[in-house]
Amino acid sequence: MTGIYFWVLAAVTVMASLGVVLQRNPMYSVLLLIVSFGGLSGLYITLNAPVVAAIQIIIYAGAIMVLFLFVVMLLNVPTEDPPHGYHARLLGGAGPRWFGAVLAVVLMGELVFALSHLASTPLPSGTGNPTSIAQIGVRLYRDYAFAFEVTSVLILLSMVGAVILARKES
Amino acid sequence: MTSIVEFIQAHQMVIAQLVLILGIFLMLQISAAVMVYFERKIAAWAQQRYGPYLVGPSGILQPIADIVKLIMKEELRPKSADTFLFYLAPILCATAAFAAFSVVPFGAETTFFGLLERPIGLQMTDVNVAVLVLFAITSMGVYGIVLAGWASNSKYSLLGGLRSSAQMISYELSYGMSLAAIIMLAGSMSLRGIVDMQAGYWFGFIPKWYVFIQPVGFFIFMTAGVAETNRAPFDFPEAEQELVAGYHTEYSSMSFALFFMAEYINMVTVSAVAADLFLGGWHGPFLPEYLGWIWFLIKIAALLFFYIWMRWTLPRYRYDQLMEFGWKWLLPLAVVNLLVTAAVVLGAGW
């Protein structure tokens, strides 16, 4: 039963993610990304992690994607035009394309290496199953408190950066 | 004949659960119709008019007449609208509204007067992260409104959709923080668990409802809840004086009705959750446990009356006032409330 769930959800996630990239209409791209997040959230449930699933929906599908949608609607571009002029030469030229291709090959190699490595070593079982919200809280604020704090500083920095970028000089 | 009886007896828990789900589904639909009637009656009462009085005694069959009228209407679609998203939007809205109620409990565990061998809880499903699930589904509801605004390809709809997304993001934070304070107090994320924490009395007569220890949280929850359901005085997505009807300007017939049904069901859900989280759910004096759902209905009715009463009493805010109130007053208040609650829970070892 879990196998069927996994394959259906995995298919939905992969198809939706492909759609995000292949879709020319930015509105549909955003919506397909939400579908893909929904599929991921379902996969978390099959992994017995309902808290992560719910948080995935609340944070990514619920809050961040609304902002994306907001920006797409504000710009209201019906379809993405291929770039032209200076930007086309800068981004669509032979050089950047080759660079992108090399990066893609490197990423592919890394993924293959990681997956083959993973298959041979069993996953660390750890102490208990950190699925309940209390256990996640203890892990986050006690065991990984430093990483958590550093992440929040990172988010704060990006917020300050956004404010500086958005500020109008008067 | 015996085989059917045996089948029902063997699978009675599953059948009871299915009947319950069907019952909740119908109840929500009927509640939307009832809300239409009471909205119009209370509006009339507030404005010293009669309200609907022709269809049935005191106009009680008015919602049915409204529904028949809406079904008979022509389904219109603007020529430049995005067909798929235009029809998807009301479906999303209604689906999210129905789905949100799936984790809301509305009565104690019961065997239906000994009909069942094991008691079942009066709710669709009791998940241990119910509050998070509820929050997740509510945050999906905004897409229906935003997509309706965008897919209609009309300026009023677009502005309504934009306003709604901005409003929902702004108020969702305060909403979530008032929920978090309750979760801390109860030490549980299951709505049933939270309600059961509120059973009993202090000093023998004050009910142990969280509204008495979280009055600020209750205020924040209700304010943000009104903003989340796009009701007056926060009904900017559909401000009729400025935006014709906002995001559903271009909708007609049943797709229009779906938006309205979703709005009323969302009001019922917010009231039900408020009753569960702050007003002790089905716990109350005088009535035995198995009749607790009567208390629950009374609490929901009171909160819904409050909703409608507020709509016909308070004028709409200005848009900048809405944003200022949400970010500069409500959110800091919610953060302080959360911190104080956390400190008290830690210090007093609640």
Side-chain angles (χ1 to χ4, degrees), chain A residues 19 23-42 44-45 47-79 129-138 141-142 159 163, chain B residues 80 82 84-86 88-89 92 96 99 103 125 127-155 157-173 175-176 179-180 183-184 187-190 228 247:
Chain A
Q23 186 60 240
R24 277 258 171 257
N25 189 333
M27 200 71 175
Y28 280 87
S29 290
V30 171
L31 292 177
L32 283 166
L33 196 52
I34 297 168
V35 173
S36 144
F37 283 148
L40 262 183
S41 165
Y44 288 136
I45 290 178
L47 288 174
N48 210 2
V51 179
V52 184
I55 286 173
Q56 166 88 6
I57 293 285
I58 294 171
I59 307 284
Y60 286 98
I64 292 179
M65 293 321 287
V66 171
L67 274 179
F68 274 43
L69 212 59
F70 192 76
V71 172
V72 170
M73 278 170 69
L74 216 57
L75 299 174
N76 205 10
V77 271
T79 52
N129 215 357
T131 50
S132 90
I133 193 118
Q135 281 162 321
I136 290 179
V138 168
Y141 295 107
R142 204 163 282 165
M159 256 167 70
V163 169
Chain B
S80 54
D82 186 315
F84 177 67
L85 292 184
F86 187 78
L88 182 69
L92 270 183
V103 290
T125 170
V127 280
N128 56 3
V129 289
V131 179
L132 283 182
V133 171
L134 184 83
F135 200 55
I137 297 172
T138 324
S139 67
M140 289 291 99
V142 65
Y143 286 115
I145 292 175
V146 173
L147 286 181
W150 185 81
S152 302
N153 213 343
S154 115
K155 54 177 179 278
S157 305
L158 186 67
L159 282 171
L162 280 176
R163 281 184 176 189
S164 139
S165 52
Q167 178 175 333
M168 291 219 177
I169 292 176
S170 308
Y171 281 80
E172 220 159 58
L173 289 168
Y175 191 76
L179 287 180
I183 293 168
M184 277 182 188
S188 163
M189 281 195 137
S190 148
E228 289 276 308
Y247 61 90

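All chains are named by letter (A, B, ...) in the order of the sequence lines, taking the proteins before the strands, and each is independently numbered beginning at 1. In what follows, every heavy atom counts, from backbone to side chain, and hydrogens, waters and symmetry copies are set aside.
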Out of B:V133, B:V142, B:L147, return the one with the most heavy atom pairs under 4.5 angstrom to chain A.
B:L147

With only heavy atoms counted, which part of B:L173 is less than 4.5 Å from chain A, the side chain, the backbone, both or neither?
neither

For residues 54-69 of chain A, please give each side-chain donor-acceptor pair under 3.5 Å, one per line with the distance, not counting sequence neighbours.
none

Check whether B:V146 gets within reach of chain A through its side chain, its backbone, both or neither, counting any heavy atom under 4.5 Å.
both

If we only count heavy atoms from C-beta on, is the A:V51 to B:M189 side-chain gap below 4.5 Å?
no

Taking side chain as everything from C-beta outward and backbone as N, CA, C, O, which of these in B:A166 sits under 4.5 Å from a heavy atom of chain A? Side chain, backbone, both or neither.
both

